[in-house]
Q: 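Handing you this structure, nothing more for now.
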Amino acid sequence: LHLTDATEAGIRRAVDQCAAVGFEMIILSFGSGLDMESTDPAYVRSVAASVEYAHSRGIELGGYNLMASSRRVGHAGDCVNASGAWNGAACLASGWSDGYFR
């Protein structure tokens with residue numbers, strides 16, 4: 001199930017619905033409000049509580065973002081085309097991504 005409501009209430013509602021009909025996983029879709037880059041302790045606790053609730057109902061919870069699409073991260077981390085011009089994305093094979101995925 002692709003979910004577009006990343007609030008705790010929205011996630012719980014979807015988890016309950018998925019558990020009731022036999023779904024196994026919920027993906028918090030791009031645009032759902034999930035902030036996978038947040039380091040705010042209160043937000044991280046909130047997401048962890050949602051994951052714990054999902055797991056208690058036998059549901060996996062995941063998410064994705066378009067971090068490499070339409071994002072400039074700087075000369076050393078941007079993808080370039082054959083002529084050396086920026087092609088509109090961050091490069092996942094760069095020093096920037098090494099720090100991003102810490």
Side-chain angles (χ1 to χ4, degrees):
L1 173 76
H2 280 264
L3 181 62
T4 57
D5 179 359
T7 64
E8 283 188 72
I11 292 169
R12 281 182 177 253
R13 188 169 43 253
V15 165
D16 292 340
Q17 291 170 349
C18 285
V21 297
F23 281 40
E24 299 174 347
M25 184 171 193
I26 296 170
I27 302 294
L28 294 161
S29 295
F30 177 73
S32 68
L34 177 66
D35 183 359
M36 293 178 12
E37 296 180 6
S38 177
T39 57
D40 174 49
Y43 183 75
V44 172
R45 281 191 303 274
S46 171
V47 172
S50 293
V51 170
E52 185 176 327
Y53 181 73
H55 288 173
S56 78
R57 301 292 316 268
I59 305 294
E60 293 295 324
L61 193 62
Y64 73 93
N65 77 22
L66 300 175
M67 67 182 187
S69 176
S70 302
R71 175 189 278 202
R72 292 193 86 149
V73 296
H75 179 72
D78 290 340
C79 289
V80 295
N81 62 25
S83 66
W86 180 62
N87 78 347
C91 181
L92 296 181
S94 68
W96 167 82
S97 70
D98 292 342
Y100 183 87
F101 292 108
R102 59 181 156 81

Q: First locate atom NE2 of His55, then atom CG of Leu61, and finally report the distance between them rounded to the nearest 0.5 Å.
A: 7.0 Å
Q: What distance separates Leu34 CG from Ile11 CD1, expressed to the nearest 0.5 Å?
A: 7.0 Å
Q: If you look at every heavy atom in Tyr43 and Gly33, which pair is closest and at what distance?
A: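 Looking at all heavy atoms of both residues, the closest pair is OH-O, 3.7 Å.
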Q: Enumerate the residue pairs fulfilling side-chain hydrogen bond (donor to acceptor under 3.5 Å, both in side chains) with a member in residues 14-24, sequence neighbours excluded, ordered by first and then second residue.
A: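 Passing the test, one end in residues 14-24: Asp16-Tyr53, Asp16-Arg57.
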Q: Will you find, in the side chains of Thr7 and Asp5, an N or O donor that is under 3.5 Å from an N or O acceptor?
A: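 There is such a pair (donor and acceptor under 3.5 Å, judged by atom type) between the side chains of Thr7 and Asp5.
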Q: Can you tell me how far the CG atom of Leu3 sits from the CD1 atom of Ile27, to the nearest 0.5 Å?
A: 10.0 Å
Q: Using the rule given for side chain to side chain contact (heavy atoms under 4.5 Å, CB included), can you reason through Val44 versus Thr39, listing the C-alpha separation, both sets of side-chain angles and the distance that settles it, and then say yes or no?
A: CA-CA 7 Å; Val44 172; Thr39 57; 5.8 Å; no
Q: Quick check for you: to the nearest 0.5 Å, what is the distance between Leu28 atom CG and Asp35 atom CG?
A: 12.0 Å
Q: State, without any angle test, whether Ser50 and Glu8 hold a side-chain donor-acceptor pair at a distance under 3.5 Å.
A: no
